Enquirer: 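Let me begin by handing over the structure; questions about it come next.
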2 protein chains.
Amino acid sequence: MATTDALTVQEAADTTGWSPRMLRYIERAGLVVPPRSPSGYRLYGAPELQRLRTLRELLGAHDVGLAEIGFALRMRTEAGLARDVDGWLSATATRPDEVPADDWLRFEQAKHMRLLARPEPSPTN
Amino acid sequence: MATTDALTVQEAADTTGWSPRMLRYIERAGLVVPPRSPSGYRLYGAPELQRLRTLRELLGAHDVGLAEIGFALRMRTEAGLARDVDGWLSATATRPDEVPADDWLRFEQAKHMRLLARPEPSPTN
DNA sequence: GGGACCTTAGCACGACCGTGTCAAGGTTCC
DNA sequence: GGAACCTTGACACGGTCGTGCTAAGGTCCC
């Protein structure tokens, strides 16, 4: 009855494209936490494998890292955090009595700088 | 009348507790972007000052950094990102047919490891 | 009982975060 | 016209992220 479909780290790594090291790291981040065998071996089942593959797609599709997804997870598990962050972002982003679509433009520009900087691929390094 | 209440970086720094350097950094992150004088000077008005103070509280209250707030901002400005991330987090987080409140506990434990690691304040450093 | 797996812990390393500081040049204003 | 601001740009440095690798030890299974 198909209870045999639990892969070990190495096997899971092979079928998902992640390295065993990364699988453990991802677990640490709380993103994909497989159950364990009585002796402590990680047991990757179909759900985990699926999740690992979609995670891979997610990171590839957008410019995000594991830490960011981890933060998103925190946002939906720590109610206070979400409330405060969302509150801050909502409040006064641009004052309603001072937005002549000119400041707004400048704001857009600034925020479009891929998170922080990346002003020019300057050959400094 | 009262249009004179635009502070310069240094003044804003003094009244908000941030350093001028940080004010520029925060602007770069798109979190607080003050308007500019014709000659390019940053003009911090009451709204910006308020925002800077609350930002400070926000960072102090929870264990988050500017990058994380910046990411939250991206989540609410880049629709595709939010959709995908939220989708991933919602999907299969723990399979509905496999959650005997035992795995759940283990899951809780994992996620409670403050984002990544911090396993023990081991006196390594 | 021995080889092939697994576990955790640690070092290493480049890239970025959060900060400070310094340099070179423009503004303000007396 | 000079002092005291401002601007951007850069170097620096400890900290974390993402990743690999190695070491010391348990487990599986033939």
Side-chain angles (χ1 to χ4, degrees), chain A residues 4 6-14 16-44 52 55-56 58-60 63-72 74 106 110 113-125, chain B residues 4 6-14 16-44 52 55-56 58-60 63-71 74 110 113-125:
Chain A
T4 325
L7 307 189
T8 64
V9 239
Q10 185 57 61
E11 293 168 330
D14 290 344
T16 60
W18 295 101
S19 67
R21 179 66 161 83
M22 274 301 101
L23 259 23
R24 301 197 190 94
Y25 190 72
I26 290 169
E27 177 176 358
R28 214 89 205 294
L31 300 182
V32 177
V33 183
R36 300 296 192 102
S37 79
S39 57
Y41 282 28
R42 268 165 266 255
L43 298 176
Y44 289 89
L52 286 171
L55 175 59
R56 185 160 260 279
L58 179 57
L59 297 200
D63 183 20
V64 283
L66 295 173
E68 265 121 314
I69 308 297
F71 177 67
R74 275 183 70 194
R106 209 149 28 210
M113 303 188 214
R114 196 97 354 287
L115 184 50
L116 288 186
R118 194 156 358 236
E120 292 287 304
S122 54
T124 309
N125 194 354
Chain B
T4 326
L7 307 189
T8 63
V9 240
Q10 184 58 61
E11 293 167 329
D14 289 344
T16 60
W18 293 101
S19 66
R21 178 65 160 87
M22 275 300 100
L23 259 23
R24 300 197 192 94
Y25 190 71
I26 290 169
E27 177 177 359
R28 214 90 202 293
L31 300 181
V32 178
V33 183
R36 301 296 192 101
S37 79
S39 57
Y41 281 29
R42 268 164 265 256
L43 299 176
Y44 289 89
L52 286 172
L55 175 59
R56 185 161 259 279
L58 179 57
L59 296 199
D63 182 21
V64 282
L66 295 173
E68 265 121 314
I69 308 297
F71 176 68
R74 275 183 68 194
M113 303 187 213
R114 199 89 3 280
L115 184 50
L116 288 187
R118 194 160 352 240
E120 292 289 302
S122 54
T124 310
N125 191 357

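As a basis for the values below, the full set of heavy atoms in this structure was taken, side chains included, without hydrogen atoms, waters or symmetry mates. In this text the structure is predicted, and so the values were computed from the model without any measurement. So that the names make sense, note that chain A is the first sequence line, chain B the second, and so on, each numbered from 1.
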Enquirer: Between A/Arg36 and C/dT8, is there a side-chain N or O to OP1/OP2 distance below 4.0 Å?
Expert: yes
Enquirer: Specify the separation, in whole Å, of atom CD1 of B/Ile69 and atom C1' of C/dG18.
Expert: 14 Å
Enquirer: Considering heavy-atom distances to DNA chain D, does B/Glu11 or A/Val64 have its closest nucleotide positioned more toward the 5' end?
Expert: B/Glu11
Enquirer: D/dT7 base to B/Arg42 side chain: any donor-acceptor pair below 3.5 Å?
Expert: no
Enquirer: Could you tell me how far apart A/Leu43 (CG) and C/dC5 (C1') are, to the nearest whole angstrom?
Expert: 13 Å
Enquirer: Output the distance between atom CH2 (A/Trp18) and atom CD1 (A/Ile26), rounded to the nearest 0.5 Å.
Expert: 4.0 Å
Enquirer: Taking all heavy atoms of A/Arg56 and all of A/Gly17, pick out the closest pair and write down the distance.
Expert: NH2-O, 3.1 Å
Enquirer: Rounded to the nearest angstrom, tell me the gap between atom CG in A/Leu23 and atom P in C/dC6.
Expert: 11 Å
Enquirer: Among the candidates D/dC17, D/dG20, C/dT7, find the nucleotide nearest to the side-chain atoms of A/Ala67.
Expert: D/dC17
Enquirer: Given axes from five pairs at either end, by how many degrees does the helix from C/dG1-D/dC30 to C/dC30-D/dG1 bend, rounded to 10°?
Expert: 10°
Enquirer: Mind listing the closest non-hydrogen atom pair of B/Glu11 and B/Ala6 along with its distance?
Expert: OE1-O, 4.5 Å
Enquirer: Could you check how far OH of B/Tyr25 sits from P of C/dC17, rounded to whole Å?
Expert: 5 Å
Enquirer: Round to the nearest Å and state the distance from B/Ile26 atom CD1 to C/dC17 atom P.
Expert: 15 Å
Enquirer: Begin from the C-alpha positions of B/Leu55 and B/Thr16 and carry the test side chain to side chain contact (heavy atoms under 4.5 Å, CB included) through to its verdict.
Expert: CA-CA 10 Å; B/Leu55 175 59; B/Thr16 60; over 6 Å; no
Enquirer: Check the distance between C/dT28's C1' and B/Leu7's CG and give it to me in whole angstrom.
Expert: 17 Å
Enquirer: Where do A/Arg24 and A/Val9 come nearest, in terms of heavy atoms and distance?
Expert: NH2-CG2, 4.4 Å
Enquirer: Is there a side-chain contact between A/Leu7 and A/Asp14, using heavy atoms and a 4.5 Å cut-off?
Expert: no
Enquirer: Would you mind reading off the distance between A/Met22 atom CE and D/dG18 atom C1', rounded to a whole angstrom?
Expert: 5 Å
Enquirer: For residues A/Tyr44 and A/Leu23, determine if any side-chain heavy atom of one lies less than 4.5 Å from a side-chain heavy atom of the other.
Expert: yes
Enquirer: Counting only side-chain N and O atoms of B/Arg21, is one of them less than 4.0 Å from OP1 or OP2 of C/dT21?
Expert: no
Enquirer: Is there side-chain contact between A/Ile69 and A/Leu59, with heavy atoms separated by less than 4.5 Å?
Expert: yes
Enquirer: Check nucleotides 28-30 of chain D for protein N or O atoms closer than 3.5 Å to its own N or O atoms and list the pairs.
Expert:
residue, atom, partner, partner atom, Å
D/dC28, OP1, A/Ser39, OG, 2.8

Enquirer: Do you know the tightest heavy-atom contact between B/Glu68 and B/Asp63?
Expert: OE2-O, 4.5 Å
Enquirer: Round to a whole Å and report the spacing from CZ of A/Phe71 to P of D/dT16.
Expert: 17 Å
Enquirer: Any side-chain N or O of A/Thr8 under 4.0 Å from OP1/OP2 of C/dC6?
Expert: yes
